[in-house]
Every structure is written in C-alpha cells, then in structure tokens.
Visitor: 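What follows is a single structure, and I will ask about it in a moment.
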Number of protein chains: 2
Amino acid sequence: MDRRSQILTIAGHLFSQRGYHATSMRELARHLNLQGGSLYAHIQSKEELLLEVVRQAAERFQKVLEELPSGDPVTRMKALVKGHLRVIAEELPRATVFFHEWKHLSPPLLEEAKALRRRYEEGVQEVIREGVEKGVFQVENPRLATLFVLSALNWTYQWYRPDGPLSLEELSEQYAKLVLRALGVREGGEDGEA
Amino acid sequence: MDRRSQILTIAGHLFSQRGYHATSMRELARHLNLQGGSLYAHIQSKEELLLEVVRQAAERFQKVLEELPSGDPVTRMKALVKGHLRVIAEELPRATVFFHEWKHLSPPLLEEAKALRRRYEEGVQEVIREGVEKGVFQVENPRLATLFVLSALNWTYQWYRPDGPLSLEELSEQYAKLVLRALGVREGGEDGEA
DNA sequence: CCTACCGATCGGTAGG
DNA sequence: CCTACCGATCGGTAGG
C-alpha cells in the first residue's frame, strides 16, 4: 500500500469516528508518523481527501449493483441487501463517510459526491421497479418503497458492529426477509418458515 | 420566546445544516444580531447548547411514545410511525441534531445524550415486543426487527422535506403499511387494499 | 518529508 | 449586551 493509500485509509477512520471538521490535518499526520505539512506532498487539500474517501466507498457499493445476479427480482433483491450489508461490514469507516461526511464538501466537489450517491440510489430503485413491473413486488408507491428500503439499509452503519451478536450472514439473511416482506413478497423462499 | 430559546432554535438550524464543528459561535451570534462574546450571557458553552437541542428533540420523540393509544399492536405501531414522522416533519433541525450531531458531545454530556436515545429506542422495542408476544407481529428476531424499523424511521430525516411531493399524511400512512408488512402483519386494516 | 512559518479563526473571558 | 482581548489551533505554504 503506497503512502497515499495509507493516508486515505487513516483519514477514513478519523473522519468517520470524529467527523470531518473535528479531524485536524496534524492529527491525521500524527497517526502516520508525519509532520502536518508533510501530508501536502501526497495530497492537495483536506477536502480532496474527503472526496477521495467518498469515491472509494461509492465504488464498493456500485460494484454490488453491477454484480447482481440476473434472474427473478426476489433473488436480485436478496443479493442487493446482502451485498450492501457486506460493504458496510467490511468498510465501516468509508461507508460512514459515504453516508454522512460527504455533506461537508463544498460546491465543486459536493456535486460529485451527490452524483455518486444518486447513482447508487437509482440502481436500488431500478431493482425495485423491475420487481413491481413483473408483479413480484406489490407496493403502492415504488418511489416511497425505495426510500423505505434505502433507509433501512443505510442506517445500519449506525448500529452494525462486526463484533456484534449476529454474524453478518445471519443478519443479512434476516434483513433480506424483512425487506422482501415489506415489498409484499409472500413467504416461503428457498428455506422455509418465518 | 426568550433570548435563550431563540439561541437554541437558531443553534438547532445551524448545527443541523452545517454540522456542530463547522458552526462557529460568532456565526450563531451574527444570526441573532449579537457579538460573539454576548452569547455567553445566556449560555455556558457551545457544548451545553448542543446538549440542550438534543434534549428538546428527545422530549418530542418521547412524547410520541407516551401518547400512544392503548389497544392492539397494529394501532399502536401505526400511531408510532405517524408520530415519529410528524416530529421529523415539524422539527427537522432538532431531529437532525438528535440523530447525528449528538456524537460530537464529549464524555460527561455524551452519556446523557446516549441515554435519551436509548430510552426512545427501548420504547419502540417495547411496542414491537408486545406485538410479537400477542402473536400479532411475526418475526424471527424481535431485536433485529426493532433495529430494522428504527433504521427505516430514523433515516427519513435525510430525505424528508416538508415541501416534497407527498403530504405528511400520505407519507406516514404508506410508511406505516410498509412497516407493518415487514413485521408480518397480513394485509387489510381499516382501509382496504395494498 | 522536515522546519518554520503565514494569516485567519476558534471558544471563551474580563470588565464594564 | 459590547469592546477588547486571551492562548490555542486551524489548513496550508516556502524553501530546502
């Protein structure tokens, strides 16, 4: 891992824990055994650092959408829920920055962050819309259903901890069931009762 | 509204928009036509201000729990969803601070904020647990179901805007249906189809 | 990657 | 509630 990647990783940790504005460049430098000013040999500005972390997270989430299995909407939705939760589990700091700290970017860079988030949300919306069109999902308002699902998914970064009581596998299995039920899918997938 | 209440209201707006650390006391003072130092005639510290805003929001959310109708779990859950969304609609800045900015408090005050949030979350959990015990809600893991519902509810402050396409009434009606379905309640409440 | 520094701004206080 | 101020810290740069 080159120096710049190291900086990005530590910046992700600090931004997610303390928040963007509460993290100073000197503090970041200290974690890398550098002097404050030395950071600027590798990066342009604090804000560029924030955007870069957002980009890394966006890439991971986007990959989940791209690697979704083709097939019936239930299978796709399950894979989406599991993939989303896996990214959060594996990339908690970056995911946190993606969900929150992006707001502290200012106009030129802010637009890119918004676009990255919008792109992902539209991907989720597409999966749901497909299911509705095929009559598999039964919801009155697909847009609202999407917001509901995104809300349930996104907020998980607030409470999910890798060392929690539920394994990622169990968690995402059950979470997928809850999502599918909300979307009006009648019980009885591959594996039985509810 | 006395001066202190005004300060708290504007602080809520600024903290929710720019974030706690990105809001300076001078900026807050400017919005109140004061000099920076004059704020300290009414408050003790910036951090006390943050906690106070959290307290105000917590009070509103807690009131929703206290005023829940007694009766069957479905009715109670519906009222909870509607009440929660109404607080977010009516108190968006304070709600935002309650959901996010509280993290920037430090240890003595932080504990109180955590306790306020925990109390509300346990209230929600109780409503769900009741429904499960009475056999009205059908979920494998009540704790996880609670986290799911809280996630769906809490994240709404991120996208709900009072001037959006859906009225609060329509929104919360449909949101309640999605929540109830996720909790395994079969269709057909007071008002028909899905 | 360090040393040394820049101007700006921060939260908060004293004294009136 | 204002004026005037405190020490600390901020993001970033020059020059090596």
Side-chain angles (χ1 to χ4, degrees), chain A residues 1-55 93 97 100-110 112-113, chain B residues 1-55 93 97 100-110 112-113:
Chain A
M1 190 151 74
D2 65 354
R3 210 57 166 142
R4 184 177 159 92
S5 303
Q6 286 177 25
I7 295 175
L8 286 171
T9 299
I10 306 293
H13 279 85
L14 294 175
F15 290 168
S16 71
Q17 280 168 23
R18 309 192 203 283
Y20 176 69
H21 280 109
T23 302
S24 75
M25 295 305 274
R26 284 162 177 81
E27 189 181 357
L28 172 57
R30 205 178 323 119
H31 281 262
L32 291 150
N33 286 109
L34 289 180
Q35 296 303 313
S38 306
L39 286 168
Y40 293 87
H42 303 94
I43 63 158
Q44 289 184 21
S45 68
K46 188 184 180 185
E47 217 183 347
E48 181 226 352
L49 211 49
L50 175 55
L51 178 60
E52 200 60 43
V53 174
V54 169
R55 280 192 188 124
V97 171
H100 257 121
E101 300 304 318
W102 67 273
K103 293 191 186 186
H104 296 113
L105 289 165
S106 44
L109 307 188
L110 178 63
E112 181 178 336
Chain B
M1 190 152 74
D2 65 353
R3 210 59 167 137
R4 186 177 157 93
S5 302
Q6 286 177 25
I7 294 175
L8 286 170
T9 299
I10 306 293
H13 279 86
L14 294 175
F15 290 168
S16 71
Q17 281 169 21
R18 309 192 202 284
Y20 175 70
H21 279 109
T23 303
S24 75
M25 294 305 274
R26 284 163 177 80
E27 189 181 358
L28 172 57
R30 205 179 323 117
H31 281 263
L32 291 150
N33 287 111
L34 290 180
Q35 296 302 313
S38 306
L39 285 169
Y40 293 87
H42 304 94
I43 63 159
Q44 289 185 19
S45 69
K46 188 183 180 185
E47 217 182 348
E48 180 226 353
L49 213 48
L50 175 56
L51 177 60
E52 201 61 41
V53 174
V54 170
R55 281 192 188 126
V97 171
H100 259 120
E101 301 303 318
W102 66 273
K103 292 190 188 188
H104 296 113
L105 289 165
S106 44
L109 306 189
L110 179 62
E112 181 177 337

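Proteins get letters first, then strands, A, B, ... in listed order; numbering begins at 1 in each.
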Visitor: B:R55: what forms a salt bridge (Lys or Arg N to Asp or Glu O under 4.0 Å) with it, not counting sequence neighbours?
Guide: B:E52, B:E112
Visitor: Could you state the interatomic distance from CG (B:L28) to CD1 (B:I43), rounded to the nearest 0.5 Å?
Guide: 7.0 Å
Visitor: Report the residues that fulfil side chain to side chain donor-acceptor pair (under 3.5 Å) with B:R30, sequence neighbours left out, ordered by chain and then residue number.
Guide: none
Visitor: Check DNA chain D against residues 6-17 of chain B and give the residues with a non-hydrogen atom under 4.0 Å, in numerical order.
Guide: none
Visitor: Could you tell me which residues satisfy side chain to side chain donor-acceptor pair (under 3.5 Å) with B:Q17, sequence neighbours excluded, listed by chain and number?
Guide: none
Visitor: For Watson-Crick and G-U wobble pairs within 3.5 Å on both distances, what is DNA chain D written in dot-bracket notation, | included for inter-strand pairing?
Guide: ||||||||||||||||
Visitor: Sequence neighbours left out, what pairs pass salt bridge (Lys or Arg N to Asp or Glu O under 4.0 Å) with at least one residue falling in residues 35-45 of chain A?
Guide: none
Visitor: What ring-ring contact (aromatic ring centres under 6.0 Å, His included) pairs are there with at least one residue in residues 7-32 of chain B, not counting sequence neighbours?
Guide: B:F15-B:Y20, B:H21-B:H104
Visitor: My understanding is that only residues two or more places apart in sequence, or in another chain, count here; which of them pass side-chain contact (heavy atoms from CB on, under 4.5 Å) with B:L110?
Guide: B:W102, B:L105, B:K114
Visitor: List in chain and number order the residues that pass salt bridge (Lys or Arg N to Asp or Glu O under 4.0 Å) with A:E27, two or more places apart in sequence or in another chain; answer none if no residue qualifies.
Guide: A:R18
Visitor: What residue pairs, at least two apart or across chains, pass side-chain hydrogen bond (donor to acceptor under 3.5 Å, both in side chains) with a residue in residues 40-51 of chain A?
Guide: A:R4-A:E48, A:E47-A:S106
Visitor: With sequence neighbours excluded, tell me which residues meet side chain to side chain donor-acceptor pair (under 3.5 Å) with B:D2.
Guide: B:S5
Visitor: Nucleotide by nucleotide, 5' to 3', does protein get under 4.0 Å of the base (B), only the sugar-phosphate (S), or neither (-) in nucleotides 2-15 of chain C, counting heavy atoms?
Guide: BB-B----SBBB--
